[in-house]
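Please read the structure below before turning to the comments.
Quick note: residue numbers are just sequence positions, from 1. Side chains included, hydrogens not; waters and symmetry mates left out as well; all remaining heavy atoms used. Everything quoted here is computed from the prediction, not taken from an experiment.
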Amino acid sequence: GSTIKLCAGEEEEEEEEEEEQDEEEEKEEEQVCGIATVINLTFHKEKPCAMKLMGHLLNRSKEHNSGHTKFSQLLEKSDGQLGLLVNARFLNIPPHLVVPLFKSLRSEIEEACEKGLPYNFQHFLVVARSHKMPIAQQPKKTKKAKMSGEEEGKLIFDHFECELMYQESVASFSYPVSEESDSVIGGTWSFDDQEMKPFRTVMVIPATALEKVVKMLESVL
């Protein structure tokens with residue numbers, strides 16, 4: 001996978017360049033603040049951790065996803081390789097840094113495929129942090145909108161690239177995680193002093209969509 005790291009300040013780096021030992025200490029002090037990697041769920045489907053993750057998402061899908069049949073087929077019956085796309089970073093890391101991160105990841109996947117490794121993915125599974133406006137704070141919805149589930153409110157993603165992935169997804173659903181703490185998020189997510197409801201949005205995107213997301217990021221950032 002690829003990572004974003006925070007390094008020591010420039011003045012410290014200039015001093016540490018004088019001695020190799022200090023340079024090694026500097027590397028050890030680097031703080032990872034972002035990561036993008038892929039885990040082959042198809043290849044590791046028999047491992048307990050993969051089985052637990054898939055089971056958890058399928059159970060959530062049964063409860064919260066009107067398109068559960070399609071979602072379960074993509075996870076369990078797809079002939080192609082399914083990869084879990086792990087994309088995480090601190091909220092204060094600007095989204096334009098995701099572009100080189102995803103490009104590096106794409107290059108690593110291509111190199112792995114050239115070596116005959118099982119990384120020829122057909123789809124990526126993404127679990128993204130998201131929020132919704134409380135229902136009480138939303139404008140009144142029509143009967144048609146309520147039937148389609150729109151009364152729950154528009155999704156707001158923690159990371160901009162996840163919104164672009166959501167637009168490219170072939171299957172998706174969101175489930176509430178109000179019982180879990182989202183203390184990582186700084187500031188107050190509120191409208192009229194009412195907190196935003198935390199969700200997890202699960203989506204399946206075509207592997208080819210990753211390149212499209214990178215191009216969209218480059219065009220808008």
Side-chain angles (χ1 to χ4, degrees), residues 1-7 20 23-58 61 70-90 93-129 157 159-172 200-221:
S2 303
T3 60
I4 302 174
K5 296 182 179 180
L6 292 178
C7 304
E20 292 183 0
E23 289 179 356
E24 292 177 359
E25 291 178 356
E26 177 193 350
K27 291 180 181 179
E28 293 177 356
E29 293 176 357
E30 290 179 347
Q31 181 183 7
V32 175
C33 54
I35 184 172
T37 190
V38 178
I39 301 172
N40 192 328
L41 291 177
T42 303
F43 185 78
H44 297 292
K45 63 182 179 180
E46 300 298 332
K47 292 188 176 181
C49 56
M51 293 174 64
K52 186 175 181 180
L53 172 64
M54 299 283 273
H56 172 74
L57 294 180
L58 287 170
S61 178
K70 181 178 181 180
F71 178 77
S72 62
Q73 288 177 343
L74 288 168
L75 260 62
E76 298 181 306
K77 301 178 181 180
S78 176
D79 295 331
Q81 299 287 318
L82 175 67
L84 174 64
L85 178 57
V86 180
N87 172 49
R89 71 177 191 280
F90 293 157
I93 301 300
H96 71 265
L97 292 180
V98 175
V99 174
L101 203 63
F102 279 1
K103 284 185 175 181
S104 177
L105 177 60
R106 183 188 60 196
S107 296
E108 292 176 5
I109 293 175
E110 291 174 352
E111 291 176 3
C113 290
E114 291 174 358
K115 295 178 181 178
L117 298 176
Y119 286 91
N120 188 21
F121 297 108
Q122 183 176 1
H123 293 95
F124 289 129
L125 174 67
V126 181
V127 182
R129 294 165 64 95
F157 290 94
H159 299 313
F160 177 60
E161 65 272 16
C162 292
E163 181 177 346
L164 300 180
M165 292 181 192
Y166 183 68
Q167 295 172 7
E168 298 297 320
S169 63
V170 294
S172 65
R200 293 294 178 269
T201 298
V202 183
M203 53 189 123
V204 179
I205 66 172
T208 54
L210 187 60
E211 174 67 18
K212 188 174 181 179
V213 168
V214 170
K215 289 182 178 179
M216 286 191 289
L217 284 170
E218 289 179 316
S219 66
V220 300
L221 298 177

Just jot down the side-chain hydrogen bond (donor to acceptor under 3.5 Å, both in side chains) partners of [X], sequence neighbours excluded, or say none.
X      : answer
Thr201 : Ser130, Ser174
Lys212 : Glu168
Ser61  : Asn65, His68
His44  : Lys47

Please round to the nearest 0.5 Å and tell me the distance separating atom NE2 of His123 and atom OG of Ser169. 10.5 Å
Side chain to side chain contact (heavy atoms under 4.5 Å, CB included) with [X]: which residues, sequence neighbours excluded?
X      : answer
Glu111 : none
Leu125 : Leu41, Leu57, Phe71, Leu75, Leu82, Leu84, Val202, Val204
Glu76  : Leu58, Ser72
Gln122 : Ser78

For the rings on Phe121 and Phe124, is their centre-to-centre separation under 6.0 Å? yes
Sole candidate of Leu101, Leu85, Val86 that passes side-chain contact (heavy atoms from CB on, under 4.5 Å) when paired with Thr37: Val86
Tell me every residue that passes salt bridge (charged side-chain N to carboxylate O under 4.0 Å, His left out) with Glu218, counting only those two or more places apart in sequence or in another chain. Lys103
[Y] side chain reached by [X] side chain, heavy atoms, under 4.5 Å:
X      : Y      : answer
His159 : Cys162 : yes
Glu161 : Arg89  : yes
Val38  : Leu105 : yes
Val98  : Leu217 : yes
Tyr166 : Ile205 : no

Acceptor/donor pairs from residues 112-120 side chains to any protein atom, 3.5 angstrom cut, sequence neighbours excluded:
none

Measure across [X] and [Y] and return the closest heavy-atom pair with its distance rounded to 0.1 Å.
X     : Y     : value
Asn40 : Thr42 : OD1-N, 3.0 Å
Glu46 : Met51 : O-SD, 3.4 Å
Gln81 : Phe43 : OE1-N, 4.3 Å

Would Lys45 and Met54 satisfy side-chain contact (heavy atoms from CB on, under 4.5 Å), going step by step from the backbone distance to the final call? CA-CA 9 Å; Lys45 63 182 179 180; Met54 299 283 273; over 6 Å; no
